[in-house]
Amino acid sequence: MSVSDAAARVEPGSFRDPGNRVFHRRGEVLRGLDERSAGDWRALAASDFFRDLLDAGKLCGTEELVPTPVDLPWAAVLRHERIPVVSHPYEWSGGMLRDAALLHLEILRSALVAGFTTKDGSAYNLQWRGASPVFIDVGSFEPARDGEPWAGYRQFCQTLLYPLLLQAHLGLDFQPWLRARIDGIEPDQMRRLFSGARRRHAGVLTHVHLHGALQARHAQASTSDVRAQLRDAGYSRELVLATARGLEKLVRRLDARPGPSHWSDYQRTCAYSVPDRSTKESFVDRAAAVTMPGLALDLGANDGRYARIAARHAEYVVAVEQDPTVVDVLYRALRDEGERRILPLVMDLADPSPGGGWRSVERAAFADRARSDLVLALALVHHLAIGRNVPLDAVLDQFATLTTPGGTLVVEFVHPEDPMARRLLANKPDGLFPDYRREAFEALLVARGRIVRRVELPSGTRTLYQVVIRG
């Protein structure tokens with residue numbers, strides 16, 4: 001089916017289930033359902049477990065438009081709450097992925113007890129309200145049928161369980177693995193990584209080796225043949241529920257606590273004096289208060305100090321940091337505080353998330369999801385320009401792209417004589433960065449916007465700028 005209203009924009013990532021599509025119209029997030037999916041939805045909406053999950057904030061807010069708009073070619077149309085910023089699992093920390101997996105399993109268990117199941121088990125079925133996960137794929141629910149396994153098991157393993165196993169048992173960052181393949185990590189890859197003595201790690205024998213063997217065994221069989229075999233073997237909904245409980249118990253054990261990293265103690269070891277930090281905090285607070293942003297973006301957020309300041313005045317803040325350990329520490333603190341307005345994400349700003357999936361639009365690029373009214377780029381320019389050899393004009397182009405027209409960029413320039421800049425320059429050939437100068441930097445800023453405020457920190461080697469970006 002297609003959406004006939006010219007004002008509607010179909011969500012590029014919503015096409016894999018032919019029974020429903022998500023689209024945007026007049027600022028609303030809508031989901032169109034065919035006849036079968038509409039029947040499943042109405043049974044779901046009448047159930048106690050669904051209302052309980054909605055009331056607890058574990059499902060995205062959803063209601064049916066009654067009557068169904070006559071200009072839309074669907075049997076039913078749902079309206080969802082809008083998630084402030086969409087993120088992808090390869091942008092989450094280990095604690096975030098684990099909590100998302102636990103919520104997915106909790107929802108599956110509740111559904112099974114009530115006579116429902118979920119068609120999918122993908123990590124992409126979840127999003128975040130700040131540090132709280134929320135299940136968004138309402139179209140995934142359908143009545144459970146005896147003799148049928150959980151259809152989402154493979155997806156759950158590949159996009160949630162396997163990445164957690166990699167991190168917990170091998171100490172590997174899972175983010176590059178998930179970014180490389182939209183469908184997650186295949187059992188064949190996992191078997192090679194978990195051979196020999198590693199087979200004895202919790203969850204590996206059952207969910208990696210046995211899963212892979214069964215998958216190979218049934219590779220030539222149709223889905224209906226496999227279901228018939230399972231029914232004949234006495235497979236029941238109770239066994240699916242037991243599987244969900246077992247997975248939940250396993251995931252709870254896979255709590256890899258963050259260890260030390262290069263950036264985890266940055267606030268203590270960086271070159272800021274107390275006067276510098278106080279001046280910087282006041283500058284950010286004033287800029288945020290003047291801007292009153294709907295969305296603020298803190299690039300290179302580290303422990304979230306300035307994201308928290310921005311949150312005093314912003315409706316929502318995204319705190320981006322390259323180091324997964326630092327993000328995980330921040331996430332756990334925000335989660336324990338019940339913070340729902342600051343979203344921490346893992347991302348290398350010299351290699352931000354591109355578009356991915358089918359035709360490279362199924363998963364939107366970071367720049368298309370996070371354009372903000374206020375962008376903070378503090379103690380970052382020298383790391384990109386000197387540390388990563390990105391030209392200054394390209395660095396500022398990236399910042400400007402992430403800022404809405406007329407929005408505010410707060411950026412810090414670390415002078416070449418600053419101790420941190422000297423440390424980076426010491427590892428580079430002489431004369432490699434002749435344009436890394438304050439005068440050149442200011443000229444580049446003026447070319448992209450209007451400098452409304454400029455403050456030099458008391459140390460004398462760093463300058464803060466508040467810039468209104470041109471449309």
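Nothing here was measured: the structure is a model prediction, and the numbers come from that model.
Note on ring orientation: taking the six-membered ring where Trp is involved, the planes of His104 and Phe156 are perpendicular (angle over 60°, cut-offs 30° and 60°). The aromatic rings of Phe441 and Phe413 sit parallel to each other, their planes meeting at less than 30°, with 60° as the upper class boundary.
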Using the rule given for salt bridge (Lys or Arg N to Asp or Glu O under 4.0 Å), can you reason through Arg305 versus Asp298, listing the C-alpha separation, both sets of side-chain angles and the distance that settles it, and then say yes or no? CA-CA 10 Å; Arg305 177 187 298 267; Asp298 186 5; over 6 Å; no
Can you check side-chain contact (heavy atoms from CB on, under 4.5 Å) on His207 and Leu247, steps first, answer last? CA-CA 9 Å; His207 300 291; Leu247 282 168; 3.4 Å; yes
Which is it for Trp41 and Asn20 under the side-chain contact (heavy atoms from CB on, under 4.5 Å) test, yes or no, and what are the steps along the way? CA-CA 11 Å; Trp41 152 253; Asn20 67 94; over 6 Å; no
How far apart are the C-alpha atoms of Asp351 and Arg388, what are their side-chain angles, what is the distance that settles it, and do they pass the salt bridge (Lys or Arg N to Asp or Glu O under 4.0 Å) test? CA-CA 10 Å; Asp351 183 22; Arg388 304 298 289 274; over 6 Å; no
If you apply the rule salt bridge (Lys or Arg N to Asp or Glu O under 4.0 Å), what do you find for Glu337 with Arg308, and how did you get there? CA-CA 12 Å; Glu337 296 165 16; Arg308 291 177 184 274; 2.9 Å; yes
Steps toward side chain to side chain donor-acceptor pair (under 3.5 Å) verdict (His415, Thr463): CA-CA 8 Å; His415 304 183; Thr463 306; 2.8 Å; yes
Residues Val317, Leu343; criterion side-chain contact (heavy atoms from CB on, under 4.5 Å); working and verdict: CA-CA 6 Å; Val317 181; Leu343 171 65; over 6 Å; no
Could you walk me through whether Glu81 and Arg129 satisfy the salt bridge (Lys or Arg N to Asp or Glu O under 4.0 Å) test, starting with their C-alpha distance in whole Å, then the side-chain angles of each, then the deciding distance to 0.1 Å, before giving a yes or no? CA-CA 11 Å; Glu81 70 169 288; Arg129 299 188 194 98; 2.5 Å; yes
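Residue Glu91 is tested with Arg179, Arg369, Gln175 for a side-chain hydrogen bond (donor to acceptor under 3.5 Å, both in side chains); the sole match is Arg369. The side-chain contact (heavy atoms from CB on, under 4.5 Å) test with Leu178 singles out one residue from Tyr162, Tyr90, Tyr124, Trp92, and that residue is Tyr90. Among Phe50, Phe49, Trp150, the one residue that satisfies the ring pair (Phe, Tyr, Trp, His ring centres under 6.0 Å) test with Phe116 is Phe49.
Residues Leu402 and Arg371 form no side-chain contact, since every pair of their non-hydrogen atoms from C-beta on lies 4.5 Å or further apart. Inter-residue side-chain proximity for Leu172 and Gln167 is flagged as unmet; no heavy-atom pair is nearer than 4.5 Å. Under the 4.5 Å side-chain criterion, counting only non-hydrogen atoms from C-beta, Met420 is in contact with Arg462. A heavy-atom distance below 4.5 Å is not found between the side chains of Ile182 and Trp358.
Atom CZ of Arg470 sits in a crowded spot, with more than 12 heavy atoms from other residues, nucleotides or ligands closer than 6.0 Å. Other residues, nucleotides and ligands contribute more than 12 heavy atoms inside 6.0 Å of the NZ atom of Lys428. Applying the 6.0 Å contact sphere to CZ of Arg286 captures no more than 12 heavy atoms from other residues, nucleotides or ligands.
A donor-acceptor pair under 3.5 Å is absent between the side-chain atoms of Arg335 and the main chain of Ser132, judged by distance alone. Counting only distance, with no hydrogens or angles, the side chain of His169 and the backbone of Ala202 share a donor-acceptor pair below 3.5 Å. Judged by distance alone, the side chain of Gln158 and the main-chain N or O of Glu186 form no donor-acceptor pair under 3.5 Å. The backbone N or O of Gly121 lies less than 3.5 Å from a partner atom in the side chain of Gln155, making a donor-acceptor pair. Between the side chain of Thr62 and the backbone N or O of Cys60 there is at least one donor-acceptor pair closer than 3.5 Å.
Salt-bridge check for Arg25 with Asp71: passed, with a basic side-chain N closer than 4.0 Å to an acidic carboxylate O.
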